[in-house]
Amino acid sequence: MGTLIDAGLRHDWRLADIAEIYTAPLVELIFQAQLVHREHHRATEVQGCMLLSIKTGGCPEDCGYCPQSAHYDTGVAREELLGVETALTAARNARDQGATRFCMGAAWRNVPKGEPFERVLQMVRGVRELGLEACCTLGMLTLEQAEALADAGLTAYNHNLDTSPGFYGEIIHTRTYQERLDTIDRVRRAGITVCCGGIIGMGEDREARYGLLQQLASLDPHPESVPVNMLVRVKGTPLADQPATDPLELVRTIATARILMPLARVRLSAGRLSLSEEAQALCFLAGANSVFLGDKLLTTPNPGQNADARLFERLGLRLTEES
Ligand code: SAM
Ligand code: DTB
Ligand code: SF4
């Protein structure tokens, strides 16, 4: 495995190489991930990010994991786009809790034109004025919209590939894999950093995880930010009854992402409430260096301030003060 890893930044990983890394003895995999991690990152620092759903529910897409899809009855009410002040109040609260990045999500297939988009631009400007990194995840967008977001100071745009090209069709039918790649390309061309990752625990096999990791690492440059989500099983979605994911598969996915994309911030994202503190510790050891703070992700629960204060204290980790 060592010879595979010493090759520097690569975009042409073969599935067989990824499999060799992913399936290495766990202690070996984590050790190699630590070597890569320590070369590029501060080993005891984790970036805190906070999410806000600025437009909740009623989404026309049919992503099988998502509580916000209008195709499923999940009890998530459809809401209008929030006002700028409401979003900025949440951003101030995020900063007070130690977050350095504020991420605004909207349940849209496409970024709309007109007043709603102007409002999002104002939110982005406001978040930047608070000294926070600003990230948006708003669905597909035009190059013009990406450029307007860049002009407003947007730090990052989140658009996930979610899984491998082969497994994708089992989960989402209303948007193609290629459309996702095209959106990511427009974000990159507008000069915004790319936040792109996926989900494990949707019933995919390891091959599908290798496929996702291969796609992410083939992006050139690599995404600056790679969220690794563990499925939050939401009642009413087609994936509600998936069996629980083995936390060590999450650890392996994170470690492999760390090795393939050495410079990226690898984010331990959705799913932390299903993980013990010890499992989360392994995720950090495997190279994860960011979490979402606060008691809510977009619509589902998250550990919250007290639990995370205890976790960081127990592990001797601290939140990154500046990004
Ligand atoms: N509508 C936009 C889009 O899909 O690009 C942005 C919001 S969407 C909720 C952002 C990401 O959250 C999805 O791509 C998916 O990876 C993740 N996500 C959504 N529901 C999830 C769940 N139940 N468990 C884990 N991750 C989830
Ligand atoms: C990402 O990959 N995970 C975050 C963020 N990007 C936008 C969202 C997780 C959402 C989990 C389900 C929910 O709370 O609705
Ligand atoms: Fe809509 Fe995004 Fe949910 Fe898919 S993941 S249904 S695009 S909000």
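All ligand and atom numbering here is 1-based and tracks the order in the structure. This is a predicted model, so every value here is computed, not measured.
Within ligand 1, counting atoms from 1 as listed, the ones closer than 4.0 Å to a heavy atom of A106 are 1 (N), 2 (C), 6 (C). The distance from ligand 3 to the heavy atoms of A107 drops below 4.0 Å at these ligand atoms: 8 (S). For ligand 1, the atoms sitting less than 4.0 Å from at least one non-hydrogen atom of L298 are 9 (C), numbered in the order shown with element in parentheses. Near T137, meaning under 4.0 Å from one of its heavy atoms, ligand 1 places the atoms 2 (C), 5 (O), 6 (C), 7 (C). Here is the list of ligand 2 atoms found below 4.0 Å of a heavy atom in N158: 6 (N), 7 (C). Numbered from 1 in the order shown, with element, the atoms of ligand 1 that lie under 4.0 Å from a heavy atom of H159 read 5 (O). Those atoms of ligand 2 with a heavy atom of P227 less than 4.0 angstrom away are 2 (O). Near N160, meaning under 4.0 Å from one of its heavy atoms, ligand 2 places the atoms 1 (C), 2 (O). When each atom of ligand 2 is checked for a heavy atom of P67 under 4.0 Å away, the hits are 15 (O). Those atoms of ligand 3 with a heavy atom of Y65 less than 4.0 angstrom away are 5 (S). Annotation for ligand 1: atoms under 4.0 Å from non-hydrogen atoms of L231 are 24 (N), 25 (C). Near W108, meaning under 4.0 Å from any of its heavy atoms, are these atoms of ligand 1: 1 (N). Atoms of ligand 3 lying under 4.0 Å from at least one heavy atom of E61, given by number and element, are 1 (Fe), 4 (Fe), 6 (S), 7 (S).
Look at F292 and you'll find a heavy atom under 4.0 Å from some atom of ligand 2. Ligand 1 is approached by R175 to a heavy-atom distance shorter than 4.0 Å. Every heavy atom of G197 sits 4.0 Å or more from the atoms of ligand 1. Using a 4.0 Å heavy-atom cutoff, G197 is absent from the residues neighbouring ligand 2. Assignment of G105 to the shell around ligand 1 is not supported, since no heavy atom sits closer than 4.0 Å. Look at R175 and you'll find a heavy atom under 4.0 Å from some atom of ligand 3. The shell of residues lying under 4.0 angstrom from ligand 1, judged by heavy atoms, excludes R233.
At a 4.0 Å heavy-atom cut-off, ligand 2 touches L298 through backbone and side chain alike. If you look at V232 next to ligand 2, there are no close heavy atoms at all, none under 4.0 Å. For T137, every heavy-atom contact with ligand 2 shorter than 4.0 Å involves the side chain, none the backbone. Contacts between T300 and ligand 1 below 4.0 angstrom, taking non-hydrogen atoms only, are absent altogether. When heavy-atom distances to ligand 2 are checked against a 4.0 Å cut-off, T299 comes that close through both its backbone and its side chain. Only the side chain of I199 comes within 4.0 Å of ligand 1, counting heavy atoms alone; its backbone N, CA, C and O stay farther away. Only the side chain of L51 comes within contact range of ligand 2, with a heavy atom under 4.0 Å; no backbone atom does.
Counting protein heavy atoms only, atom 16 (O) of ligand 1 is closest to D162 OD1, 2.7 Å. Here the protein heavy atom with the shortest distance to atom 11 (C) of ligand 1 is N160 ND2, 3.7 Å. The protein heavy-atom contact nearest to atom 20 (N) of ligand 1 is Y65 CD1, 3.3 Å. When hydrogens are left out, the protein atom nearest atom 3 (Fe) of ligand 3 is C66 SG, 2.3 Å; that is the closest non-hydrogen contact. With respect to atom 4 (Fe) of ligand 3, the closest heavy atom belonging to the protein is C63 SG, 2.3 Å.
Side chains of M50 and N93 form a contact here, defined as non-hydrogen atoms less than 4.5 Å apart. The shortest distance between side-chain heavy atoms of H37 and N289 falls below 4.5 Å.
At a 3.5 angstrom cut-off on N or O pairs, N158 does not count as close to ligand 1. Taking any N or O of L138, backbone or side chain, none lies under 3.5 Å from an N or O belonging to ligand 1. Among the atoms of R180, none of the N or O lies under 3.5 angstrom from an N or O of ligand 1.
The structure places CG of L293 at 8.5 Å from OG1 of T100, a figure rounded to the nearest 0.5 Å. Considering CZ of R186 and CD of Q145, their distance stands at 9.5 Å, rounded to 0.5 Å. With rounding to the nearest 0.5 angstrom, the CE atom of M230 is 4.5 Å from the OG atom of S274.
A salt bridge links D17 to R10: one of the charged nitrogens lies within less than 4.0 Å of a carboxylate oxygen. Under a 4.0 Å N-O distance rule, the pair E115/R119 qualifies as a salt bridge.
Note that atom 23 (N) of ligand 1 has protein non-hydrogen atoms nearby, at separations under 4.0 angstrom.
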Worksheet entry | Worked verdict on E85 versus R92 for salt bridge (charged side-chain N to carboxylate O under 4.0 Å, His left out) | CA-CA 10 Å; E85 267 320 306; R92 263 177 238 114; 3.7 Å; yes
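Put simply, C59 stays out of reach of atom 3 (Fe) of ligand 3, with no N, O or S atom under 2.8 Å from it.
Using the six-membered ring where Trp is involved, Y168 and Y177 have ring planes that are perpendicular, over 60° apart on the 30 and 60° scheme. By the 30° and 60° cut-offs, the orientation of the rings of Y22 relative to Y210 is perpendicular.
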